[in-house]
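Take a look at the structure below.
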Amino acid sequence: MLKTQIVEGLEVFSCLPSRKTTKPALLFVHGAFAGGWMWTETFMPFLAKAGYPCYALSLRGHAGSAGREHINWHSVGDYVDDVKTVVDWLGATPVLIGHSMGGFIIQKYLEHREASAVALICSVPPQGLIASQFHLMFNKPQLFQEINQIMDGKYTDTGTLREALFAGEVDETMLAAWLSRMQPESHRALWDMSMFSLPNLYAMHRPPMLILGAEDDVLVPAFLVQTTGQTYGEHVHIFRNMGHAVTHEKEWPLVAATLSDWLEKIKP
């Protein structure tokens with residue numbers, strides 16, 4: 001059963017197994033323009049059924065968390081502090097799972113603390129956003145412009161959202177619901193991810209790591225996911241015929257199952 005509570009001003013979703021388990025807790029960190037809600041309908045129930053206690057936070061200024069009025073001033077460091085807050089509340093060292101910006105935040109978190117394992121899903125690479133921004137600007141200039149408008153709080157339409165996030169068939173009801181939940185993102189955090197607060201590779205703890213990407217991702221292209229894998233010396237799995245929102249593509253269970261299989265192999 002999905003539950004929601006507020007932890008020091010942060011919205012936290014939980015979805016727990018039906019039976020007592022010894023498996024590690026999973027903490028999901030969402031991407032830009034989104035909130036913890038993006039995990040609640042797919043990955044969390046799937047992995048809770050597999051025996052994992054699942055939690056997802058909404059970073060400050062996102063969804064039901066405090067700080068929306070100051071969204072443009074929140075830094076990546078602030079978001080890392082939010083993850084620390086929820087980890088401390090959990091009272092254990094969870095597996096951290098991040099999508100897009102969430103993956104970048106996890107990389108920054110590892111500069112300060114250990115994690116039992118991390119999964120980076122369509123994550124901003126440690127080299128930052130610049131390459132993906134130029135790739136999008138030159139290959140899809142209209143979409144690049146539309147995304148910048150979203151950042152400024154201007155509404156888009158489901159057609160733009162479909163092009164940005166999906167490659168396969170999309171349920172129109174889900175797409176409309178996703179669009180209604182999208183919100184502006186912090187300008188400061190986006191600049192941090194571009195050049196001002198890139199991960200310090202020499203300071204990072206290096207737990208077991210899973211790196212996943214999508215073949216048709218136009219926001220974090222597969223070649224940049226490969227760059228992340230090369231940086232950390234890890235194998236990369238790229239899902240064919242999927243876009244950036246692998247959590248909601250029609251074939252999302254393939255991604256969740258890959259994550260579950262990897263979790264089973266991690267030594268406690």
Side-chain angles (χ1 to χ4, degrees), residues 1-16 25-48 52-92 94-106 108-109 121-124 147 150-156 158 161 164-165 171 173-190 192-193 244-248 252 256:
M1 178 183 296
L2 184 71
K3 295 183 179 180
T4 310
Q5 55 195 306
I6 301 297
V7 177
E8 295 188 30
L10 300 172
E11 179 181 56
V12 179
F13 298 93
S14 59
C15 187
L16 305 181
L26 311 180
L27 178 59
F28 295 87
V29 186
H30 64 82
F33 310 107
W37 52 263
M38 67 167 285
W39 305 101
T40 60
E41 298 167 348
T42 54
F43 279 36
M44 288 179 70
F46 183 100
L47 289 162
Y52 295 94
C54 294
Y55 301 88
L57 78 154
S58 295
L59 300 165
R60 67 183 69 187
H62 295 77
S65 292
R68 179 75 71 95
E69 66 276 14
H70 304 298
I71 184 69
N72 279 330
W73 296 102
H74 300 324
S75 68
V76 162
D78 292 331
Y79 293 160
V80 170
D81 286 344
D82 293 341
V83 176
K84 291 178 183 177
T85 295
V86 177
V87 169
D88 290 344
W89 171 76
L90 287 173
V95 175
L96 300 177
I97 301 168
H99 178 260
S100 195
M101 180 180 77
F104 187 92
I105 292 165
I106 288 172
K108 292 292 293 180
Y109 176 93
I121 304 174
C122 300
S123 173
V124 176
I147 289 173
I150 297 172
M151 188 173 73
D152 289 331
K154 298 176 182 176
Y155 291 99
T156 184
T158 54
L161 194 64
L165 298 180
D171 180 83
T173 302
M174 180 276 293
L175 193 65
W178 187 298
L179 183 64
S180 71
R181 292 164 164 173
M182 287 195 70
Q183 63 169 83
E185 186 50 70
S186 166
H187 289 213
R188 182 178 177 185
L190 291 169
D192 281 349
M193 289 190 289
H244 191 63
V246 293
T247 55
H248 284 72
W252 70 262

Side-chain contact test, heavy atoms from C-beta onward, threshold under 4.5 Å: evaluate it for [X] versus [Y] and give yes or no.
X	Y	answer
M44	F46	no
F28	L47	yes
V95	L27	no
K84	Y109	yes
K108	V83	no
V246	I121	yes
Y55	L16	yes
P94	V87	yes

Any donor and acceptor pair, going by atom type alone, linking the side chain of [X] with main-chain N or O of [Y] inside 3.5 Å?
X	Y	answer
N72	S186	no
Q5	F13	no
D192	V76	yes
S58	G35	no

Without hydrogens or angle criteria, can the side chains of [X] and [Y] be said to hold a donor-acceptor pair below 3.5 Å?
X	Y	result
D82	T85	no
H62	E11	no
S100	H244	yes

Interatomic distance, [X] atom [atom1] to [Y] atom [atom2] [nearest 0.5 angstrom]:
X	Y	atom1	atom2	answer
M38	H99	CE	NE2	5.0 Å
S123	I97	OG	CD1	13.0 Å
L90	S14	CG	OG	9.5 Å
W178	H248	CH2	NE2	5.0 Å
L190	S75	CG	OG	12.0 Å
D78	R188	CG	CZ	6.0 Å

Can you give me the closest heavy-atom contact between [X] and [Y], atom names plus distance?
X	Y	value
T42	T247	OG1-O, 3.0 Å
Y79	A189	CE1-CB, 3.7 Å
T40	P45	O-CD, 3.3 Å
L10	R60	CD2-N, 3.8 Å
A48	C54	N-SG, 3.7 Å

Do the charged groups of E41 and R181 touch, with an N to O distance under 4.0 Å? yes
Quick one: do I105 and L59 satisfy side-chain contact (heavy atoms from CB on, under 4.5 Å)? Show the steps, please. CA-CA 10 Å; I105 292 165; L59 300 165; 3.5 Å; yes
Taking the six-membered ring for Trp and the single ring otherwise, decide whether the centroids of W39 and H30 are under 6.0 Å apart. no
Can you classify the ring geometry of F43 versus W252 as parallel (below 30°), tilted (30 to 60°) or perpendicular (above 60°)? tilted
So with a 6.0 Å cut-off around CH2 of W89, is the heavy-atom count from everything else above 12? yes
